[in-house]
Amino acid sequence: MENMNTFEMAKVYAPKEMEERIYKMWEESGAFKPKMVEGKKPFTIVMPPPNITGQLHVGHALDEMPQDVLIRYHRMKGDPTLWVPGTDHAAIATEVKVVDALKAEGLTKKDLGREKFLERVWDWKKVYGGRIVSQLRKLGVSCDWSRERFTMDEGLSKAVRETFVNLYEKNLIYQGWRMIHWCPCCKTSISDAEVEYEEQNGNFWHLLYPVKETGEMLEIATTRPETMLGDTAVAINPEDERYKHLHGCHVVLPLIDKEIPIVLDEHADMTKGTGVVKITPAHDPNDYEVGKRHDLPMVRVFTYDGHMTGAEEAKENAELIASGRATADEPVVLDCGKYAGMTTMEARKAIVADLTEIGRLKKVEPLTHEVGTCYRCHQTIEPMVSKQWFVKMAPLAKPAVEVVKNGELRFIPDRFEKIYLNWMENTRDWCISRQLWWGHRIPAFYCEDCGKVHVTREDITVCPDCGKPVYQDEDVLDTWFSSALWPFSTLGWPEKTEDLAYFYPNSVLSCGYDIIFFWLARMVFSGLEQMGTCPFEVALMHGLVRDAQGKKMSKSSGNGIDPLEVIDEYGADALRFSLVIGVAPGSDVRMSHGKIETYRNFANKIWNASRFALMNMQGFTPKGVPSADKLALSDKWILKRFNDIVREITQHLESYDLGMAAANLYDFIWSYFCDWYIEMAKHELNGEDESAKNAAQETLNYVLTGILKLLHPYMPFITEELYSYLPGSEGMLITSQWPEAKSEYDFDEEAKQMDAIMEVIRAARNLRAEMKVSVSKKATLILKPASELTEAFKKSEGYFFRLAAASGVEFLKAEDPNPEKSASAVTNGASLFIPLGELVDVDKEIARLNKDLQNAENEIRRGEGKLANEGFLAKAPASLIETEKGKLEKSRQLADSIRARIEELKELK
RNA sequence: GGGGUUAUAGCUCAGUUGGUCAGAGCGUUACGUUGACAUCGUAAAGGUCGAUGGUUCGAGCCCAUUUAACCCCACCA
């Protein structure tokens, strides 16, 4: 690749122009596609499919980050790496959107009919389904778009059907009347997992039901008086002494004067309320169970869209029952008379008013209680008895529990293991049918004649048994039924494809902890059931994005961050980095524009450091870092530190500590590389010694290249761009090789020497700052180094000129007298003196040195105490005792030197 | 009711298996444009590591109790 002339490099980092260009280059180069090598273990991730209704929000950005970091890291490591992208049809969400769009045209679903409606949804999908996908590209996701899937495409639909039939044939899918959660707003059943409980203010209404046999009034507390028309019993606890005389009696339901029995059931809690519970089997999950136990009739009083039932519904129901289609499991519908057609809320008011009027309302007390709401529309959920399809969970959950317990599936962080197990061990059957049109239609066919149900892989038109016409089940499947198959359906299953054989099971599944039950858990048991293996080895969880105050981001509170806006302003790299740096797995991320700006500044820092490097490498052709004898101390130091950081980052990535790796890298680049190494290297780069200059160029080039590689998974765009400018760069960074630490660069001894020198430089700066000496005013630095460091210090004069504003450096031997009238500091490596003449205030000097002395003495006390402790000496590891002794010795020397200096100054006075 | 998380500098958080005076960023204060970078640099101030007790030679880290905040799950009228 032709290296760009440095002067063409913009002075300021401008992400906007380059990101699109680079993404296009990657995609067109085929870099995102895995290189499948037989026998080599691939690294595979499937992307949690965003909804086609979706607009990119910052949650998506967070969702993609860990995946892209891991994918890019493994690609550079040389693993066959595949990241499968795709989108989800999102049955309810999409259908609602299209219904809304129709409403604007004055149309309803029914007006169009199923077929035309579905055409409209597909049209809608064509327009908006691509939007999220193009938005994802702006984040820099390096997934293999040639393998993009959609949960409703042909292959995946086949997978869904295959799974459904498999489970049905194994008797793991069944159809039946059950108490389910019904959303009157979305007009469909939803699963347990889709209910969110919210605390709401409500009332406790105390109603009076007269007992037929005794004429007394039985006080009954309820939170839902509107269900009373559907009461078919009241329950009392068999042990309850208060009501023993009522065993076998009946009450008369007010308003409709219906006689219903008093039943004895454990469900009635003697300690709660009056100990009497009204039983509405058709509209309350507990009552449903009580009804089953006592064989009570079920009376339905609500329509499926949240109104009170009337004559029409009752008639239909009666006809159905008469026709024999309805079973005993189906509730009988009541004509609610004057309440018919009211919403449930209107009916509540009306019924309470009527009960009050006839004196059957004893009192009302306020209470707060948990109310189930729909996770899509947040409307109150109505428990209804309904005929639905279910997945039998117990047999599927067992192996899904097992794989976590035996370590085949590992959660990161591991606390989510408990959450997962708790759910999996207590899960109830999964209601999978939805009363919608958009989705995978349930492959069940009913014979018009014999009524038999046929569940088939291929559509049928006539009954295989009697040859009469069949009609298909109207319902579709829960969206999560198809996403549960994602790890293998996207690879071609149920066909036996090459991809499936090579890339299944996946390596990692990364998603937010909020969809563990919806998605992750269901993928685990589906993978185990259909494929026989757990679909992934590691479940890497992330949290939610929150605002700067830690609040959830939402449209209503207007605290959201639009990733597209942010990318436009700061660049995708800055957004990416701010979403991962310092974030521990599974914890929430706080985001603010300020935070993103910080990392845009970081990108700018790297940009300029690279610009500096390139300016100093004009005409330079890298031949490799030269032998140790040609390298300056600072070169050796940075090479050693670079080795350290390579090991550290690699280790963190291997253990999925992505936030930690990013933080360490940030620190290394900014402090070690920019603040120190570049500043030190200026000495060699601007010096006369050509071989030293060359060594610095080689080191600079080597370390900078390595830095760009280490940073690439996090900030892919800027690193790719800068890499292209480097002399000696070949091909693209995205497919370059991950750096390795080289043992020949472990210059331990030299690194320590450099650290000692740096400590002196800091001390000198410190002195000057305290003296308020401007940088432009240079001063001589007088050093009295420890004997073993003398040589290193002498070779390092240049660093003091440049970094400590020295005009000259003089060295003293240990026995030489200290200079007068100078500011001084004592470090472990050397004592230093800056002769500042009249600027020096001796009293202040003494005060400051006393402070240092105090610190040293504290340290001595600490060390002495430790080493005097027999328990410590007996039990602490020998190496620790040695280091403690060494430290103590150093502190003593330091204290001695400081004391001596203080004495000198006192004499001076 | 069950389970989980968090509590460390003014703010946001690090602190890996208990062992080098407890760290960073932002903010604050002071100084500063030394030819990569003001989207910058140098330095300073600032913490009895929520509380109590325990284990240990040694605890921010382990155990118990406790306080506070947040989250998830659960059919309680």
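Lettering follows sequence order; numbering is per chain, from 1.
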(request) Could you work out the separation of B/A45 and B/U8 based on their P atoms and round it to a whole Å? (result) 22 Å
(message) Give me the distance, rounded to whole Å, that separates B/A59 from B/U17 when you measure between the C1' atoms they each carry.
(response) 14 Å
(message) Rounding to an integer number of Å, can you tell me how far A/F602 CZ sits from B/C37 C1'?
(response) 13 Å
(message) Any heavy-atom pair between the side chains of A/N237 and A/D265 that's under 4.5 Å?
(response) no
(request) Pick base, sugar-phosphate or nothing for A/A609, based on heavy-atom distances below 4.0 Å to the nucleic acid. (result) base
(message) Quiz question: going by heavy-atom distance under 3.5 Å, is there a donor-acceptor pair between the base of B/A36 and the side chain of A/E679?
(response) yes
(message) Taking B/A69 as the reference, what is the distance to B/A24 when you measure between their P atoms (whole Å, please)?
(response) 32 Å
(request) Sort out the partner of B/C40 for me: Watson-Crick or G-U wobble, both distances under 3.5 Å, none otherwise. (result) B/G32
(request) Calculate the interatomic distance between A/F612 atom CZ and B/U34 atom P; express it in whole Å. (result) 15 Å
(request) Under 4.0 Å between any heavy atoms, over every strand shown, what does A/A268 touch: base, sugar-phosphate, or nothing? Just pick one. (result) base
(request) Mind checking A/I678 for me? I need base, sugar-phosphate or nothing, with any heavy atom below 4.0 Å counting as a touch. (result) base
(request) Could you check which of B/A74, B/A36, B/C73 has an atom nearest any side-chain atom of A/F517? (result) B/C73
(request) For the side chain of A/R765, starting at C-beta, report the closest nucleotide among B/A77, B/U42, B/A36. (result) B/U42
(request) Find which nucleotide of RNA chain B each of A/H652 and A/K866 is nearest to by heavy atoms, and output the residue with the more 5' nucleotide. (result) A/H652
(message) For A/K851, I'd like to know if atom NZ has over 12 heavy atoms of other residues, nucleotides or ligands within 6.0 Å.
(response) no
(message) Using atom P in both nucleotides, what's the gap between B/U42 and B/A51 to the nearest angstrom?
(response) 35 Å
(request) Among B/A36, B/U42, B/C21, find the nucleotide with the atom closest to the side chain of A/E859. (result) B/C21
(request) Using a heavy-atom cut-off of under 4.0 Å over every strand shown, decide if A/P877 touches base, sugar-phosphate, or nothing. (result) base
(request) Would you check if A/T598 and A/S578 make a side-chain contact, meaning some heavy-atom pair closer than 4.5 Å? (result) no
(request) Please determine, for the side chain of A/E370, which listed nucleotide (B/A14, B/A77, B/A74) has the closest atom? (result) B/A74
(message) Counting only Watson-Crick pairs (N1-N3 plus N6-O4 or O6-N4) and G-U wobbles (N1-O2, O6-N3), all under 3.5 Å, who is the partner of B/A74?
(response) none
(message) Please confirm whether the shortest side-chain N or O distance from A/R590 to OP1 or OP2 of B/C13 is below 4.0 Å.
(response) yes
(request) Write down the distance separating the P atoms in B/U48 and B/U67, rounded off to the nearest Å. (result) 24 Å
(request) Please determine, for the side chain of A/N604, which listed nucleotide (B/A36, B/U39, B/U16) has the closest atom? (result) B/U39
(request) State whether A/R415 places a side-chain N or O below 4.0 Å from either non-bridging phosphate oxygen (OP1 or OP2) of B/G4. (result) no
(request) Identify the nucleotide, in any strand shown, that forms a Watson-Crick or G-U wobble pair with B/G58, with both distances under 3.5 Å; if there is none, say none. (result) none
(message) So A/N858, base contact, sugar-phosphate only, or nothing? Heavy-atom distance under 4.0 Å.
(response) nothing
(request) Could you give the distance separating B/U16 and B/G50 at their C1' atoms, to the nearest angstrom? (result) 24 Å
(request) Tell me what A/Y197 touches on the nucleic acid: a base, only sugar-phosphate, or nothing, going by heavy atoms under 4.0 Å. (result) sugar-phosphate
(request) Please work out if A/K551 contacts a base, only the sugar-phosphate, or nothing of the nucleic acid, heavy-atom cut-off 4.0 Å. (result) nothing
(request) Among the candidates B/U39, B/A36, B/G41, find the nucleotide nearest to the side-chain atoms of A/D675. (result) B/G41
(message) Please tell me if A/N601 has a side-chain N or O lying less than 4.0 Å from either OP1 or OP2 of B/C40.
(response) yes
(message) Between P on B/U20 and NZ on A/K752, what's the gap in Å once rounded to a whole number?
(response) 17 Å
(request) Determine the Euclidean distance between corresponding C1' atoms of B/U56 and B/C62; express it in Å to zero decimal places. (result) 10 Å
(request) Evaluate the side-chain proximity of A/F872 to A/I881: yes if any heavy-atom separation is below 4.5 Å, no if none is. (result) yes
(request) Would you mind telling me which residue lines up with the more 5' stretch of RNA chain B, A/D667 or A/E770, judged by nearest nucleotide? (result) A/D667
(message) Say we look at B/G1 and B/G10: how far apart would their P atoms be, to the nearest angstrom?
(response) 36 Å
(message) Would you say the ring centers of A/F517 and A/Y420 fall short of 6.0 Å from each other?
(response) no
(request) Round to a whole Å and report the spacing from CE of A/M9 to P of B/C37. (result) 12 Å
(message) Can you tell me which nucleotide in B/A14, B/A43, B/A77 comes closest to the side chain of A/A769?
(response) B/A43
(message) Please report whether the ring centroid of A/Y375 lies less than 6.0 Å from that of A/F518.
(response) yes
(message) Please confirm whether the shortest side-chain N or O distance from A/N766 to OP1 or OP2 of B/A44 is below 4.0 Å.
(response) yes
(message) So A/M179, base contact, sugar-phosphate only, or nothing? Heavy-atom distance under 4.0 Å.
(response) nothing
(message) Under 4.0 Å, heavy atoms only, any strand: does A/G275 hit a base, just the sugar-phosphate, or nothing?
(response) base
(request) Both distances under 3.5 Å, Watson-Crick or G-U wobble: report the partner of B/U65, or none. (result) B/A51
(message) Starting the side chain at C-beta, find the nucleotide from B/A36, B/C73, B/G19 nearest to A/F872.
(response) B/G19
(request) On the 0 to 90° scale, with breaks at 30° and 60°, tag the A/Y599-A/Y666 ring pair as parallel, tilted or perpendicular. (result) perpendicular
(message) Using a heavy-atom cut-off of 4.0 Å across all strands, would you classify A/T883 as base, sugar-phosphate, or nothing?
(response) nothing
(request) Scan side-chain atoms only and decide if A/S191 and A/E194 contain a donor-acceptor pair under the 3.5 Å cut-off. (result) yes
(request) Would you mind telling me which of B/A77, B/G41, B/A36 lies closest to the side-chain atoms of A/W670? (result) B/G41
(message) Rounded to whole Å, how long is the line connecting atom CD1 of A/I881 with atom P of B/U20?
(response) 14 Å
(message) Students often get this wrong, so: under 4.0 angstrom with heavy atoms, is A/V583 touching a base, only sugar-phosphate, or nothing?
(response) nothing
(request) Looking only at side-chain atoms of A/A876, point me to the closest of B/C37, B/G19, B/A77. (result) B/G19
(request) Counting Watson-Crick and G-U wobble pairs only, both distances under 3.5 Å, name the nucleotide matched with B/G27, or none. (result) none
(message) Nearest 0.5 angstrom please: A/H181 NE2 to A/M179 CE, how far?
(response) 9.5 Å
(message) Students often get this wrong, so: under 4.0 angstrom with heavy atoms, is A/R762 touching a base, only sugar-phosphate, or nothing?
(response) sugar-phosphate
(request) Respond yes when some side-chain nitrogen or oxygen of A/K11 is under 4.0 Å from OP1 or OP2 of B/A36, and no when none is. (result) no
(request) For A/K292, answer base if it contacts any base atom (sugar-phosphate contacts may also be present), sugar-phosphate if it contacts only those atoms, and nothing otherwise; contact means non-hydrogen atoms under 4.0 Å. (result) nothing
(request) Would you indicate whether the side-chain heavy atoms of A/E648 and A/F668 approach each other to under 4.5 Å? (result) no
(request) Grab the CD1-C1' distance between A/I581 and B/A24 for me, whole Å please. (result) 10 Å
(request) Check whether any side-chain N or O of A/K605 sits under 4.0 Å from OP1 or OP2 of B/G41, and answer yes or no. (result) yes
(message) When both hydrogen-bonding distances must be under 3.5 Å and the geometry is Watson-Crick or G-U wobble, what is B/G18 paired with, if anything?
(response) none
